[in-house]
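First comes the structure, then the notes that go with it.
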Amino acid sequence: MSYIDNVLKRIKNSVNYKGETQVKIDGEFYTLKTEFNKPASTEEINVFEQINKIILPVDYKNFLVQHNGAEMYRFVDDDGKITGGGLHLFSLDEISELISKVKDLEPFNGAGILIGHLLEDCYLCIDPVKALRGSLNYLNMLEFVEVLPINYNFERFLEKYVEHNGEVFWH
């Protein structure tokens, strides 16, 4: 079992049959919802890499073959409606669409490969140069217009995100 397998297992064990969990944040209890997409095949990942001329990090690929994207730690109101927050990990199709839409737009140019959306205007990005070199710290955070290295790989980021119940920990 890989490291990412253990992280995902911990997430799945923390939610009920509806994908919900109760957490206490600043003295208040909240319901958070997590949903995982169906897996991507190895062939889909290979085609994605070939078309976009990038090589994804192994730990991120290990996530994709289990879940081609996810919605994690989204706030749910008393009526069961999603009210915001959380992490949207993009599917390969969503990433491809974003690559074509934002490749020449500031501040996205130079941020890396956008793989997720957090909070209001915050994106989780893979630095393709660091990832290609085998760096274990290949993730960036694009906050508004600033690209910030956060010194994590995908599986470690996900683990910390879970430990903090979706709260900001990377500053």
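Note: hydrogens, waters and symmetry copies are ignored here, and every other heavy atom, side chains too, is used.
- One distance of note links SG of Cys125 with CD1 of Ile113; it measures 9.0 Å at 0.5 Å rounding.
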Glu20 vs Thr31, side-chain hydrogen bond (donor to acceptor under 3.5 Å, both in side chains): CA-CA, chis, key distance, verdict: CA-CA 6 Å; Glu20 296 176 351; Thr31 300; 5.4 Å; no
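- Remark: Val15 pairs with Thr21, Thr34 by the side-chain contact (heavy atoms from CB on, under 4.5 Å) rule, at least two apart or across chains.
- Sorted by first and then second residue, the pairs that involve residues 73-94 and meet salt bridge (Lys or Arg N to Asp or Glu O under 4.0 Å), not counting sequence neighbours, are Glu71-Arg74.
- Linking ILVMFWY residues whenever their side-chain heavy atoms come closer than 4.5 Å, directly or via other members, leaves Phe154 and Val58 in distinct clusters.
- Between Ile126 and Pro57 the shortest side-chain heavy-atom distance falls below 4.5 Å.
- Partners of Lys12 under the side chain to side chain donor-acceptor pair (under 3.5 Å) rule, at least two apart in sequence or in another chain, are His67.
- Separation of atoms CG (Leu89) and OH (Tyr161) is listed at 8.5 Å; rounding is to 0.5 Å.
- Residues satisfying the side chain to side chain donor-acceptor pair (under 3.5 Å) criterion with Asn62, sequence neighbours excluded, are absent altogether.
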Side chain to side chain contact (heavy atoms under 4.5 Å, CB included) evaluation trace for Leu158 with Met72: CA-CA 10 Å; Leu158 197 57; Met72 301 179 66; 3.7 Å; yes
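- Ring geometry for Phe157 versus Tyr152: interplanar angle over 60°, hence perpendicular rather than tilted (30 to 60°).
- When the salt bridge (Lys or Arg N to Asp or Glu O under 4.0 Å) test is applied to Glu163, the partners found at least two apart in sequence or on another chain are Lys160.
- With sequence neighbours left out, the side-chain contact (heavy atoms from CB on, under 4.5 Å) criterion links Ser14 to Tyr73.
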Side chain to side chain contact (heavy atoms under 4.5 Å, CB included) between Ile99 and Phe48, intermediate numbers included: CA-CA 11 Å; Ile99 287 171; Phe48 171 86; 4.2 Å; yes
CA sep, side-chain torsions, deciding dist, call: Leu148, Asn140, side chain to side chain contact (heavy atoms under 4.5 Å, CB included): CA-CA 5 Å; Leu148 306 167; Asn140 290 332; over 6 Å; no
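- Note on Val76 and Phe36: separate hydrophobic clusters, where clusters join Ile, Leu, Val, Met, Phe, Trp and Tyr whose side-chain heavy atoms are under 4.5 Å apart, directly or indirectly.
- Applying the ring pair (Phe, Tyr, Trp, His ring centres under 6.0 Å) rule to pairs touching residues 8-33 yields Tyr30-Phe75, sequence neighbours excluded.
- For the atom pair CG (Asn153) and OH (Tyr3), the distance works out to 8.0 Å, reported to the nearest 0.5 Å.
- Distance check: Leu92 CG to Ile51 CD1 gives 10.0 Å after rounding to the nearest 0.5 Å.
- In this structure, Leu87 is a member of the same hydrophobic cluster as Ile25, with clusters built from ILVMFWY side-chain heavy atoms closer than 4.5 Å.
- Residues meeting the side-chain contact (heavy atoms from CB on, under 4.5 Å) test with Gln66, sequence neighbours left out: Ile4, Asp5, Leu8.
- The hydrophobic cluster containing Ile55 does not contain Val65, counting ILVMFWY residues as joined when their side-chain heavy atoms lie under 4.5 angstrom apart, directly or transitively.
- Judged as a side chain to side chain donor-acceptor pair (under 3.5 Å), and not counting sequence neighbours, the contacts of Lys61 are Glu49.
- With hydrogens and angles disregarded, a donor-acceptor distance shorter than 3.5 Å links the side chain of Asn37 to the backbone of Asn68.
- Closest approach of Glu143 to Cys122, counting heavy atoms only: CG-SG, 3.4 Å.
- Counting only residues at least two apart or on different chains, no salt bridge (Lys or Arg N to Asp or Glu O under 4.0 Å) pair has a member in residues 21-40.
- Taking CG of Leu114 as the reference point, atom CG of Leu124 lies at 8.5 Å (rounded to 0.5 Å).
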Working for side chain to side chain contact (heavy atoms under 4.5 Å, CB included), residues Met141 and Glu146: CA-CA 8 Å; Met141 192 67 64; Glu146 189 175 3; over 6 Å; no
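- Between the side chain of Asp127 and the main chain of Val129, a donor-acceptor pair closer than 3.5 Å is present.
- The cluster map of Ile, Leu, Val, Met, Phe, Trp and Tyr, joined by side-chain heavy atoms under 4.5 Å apart, puts Ile115 and Val47 in different clusters.
- Evaluation of the side-chain contact (heavy atoms from CB on, under 4.5 Å) rule for Asn151 yields Asn137 as partners, not counting sequence neighbours.
- Considering only residues two or more places apart in sequence or on other chains, Thr83 meets the side chain to side chain donor-acceptor pair (under 3.5 Å) condition with none of them.
- More than 12 heavy atoms of other shown residues, nucleotides or ligands fall within 6.0 angstrom of atom CD1 in Ile82.
- Atoms CZ and OG, from Phe90 and Ser96 in turn, are 12.0 Å apart once rounded to the nearest 0.5 Å.
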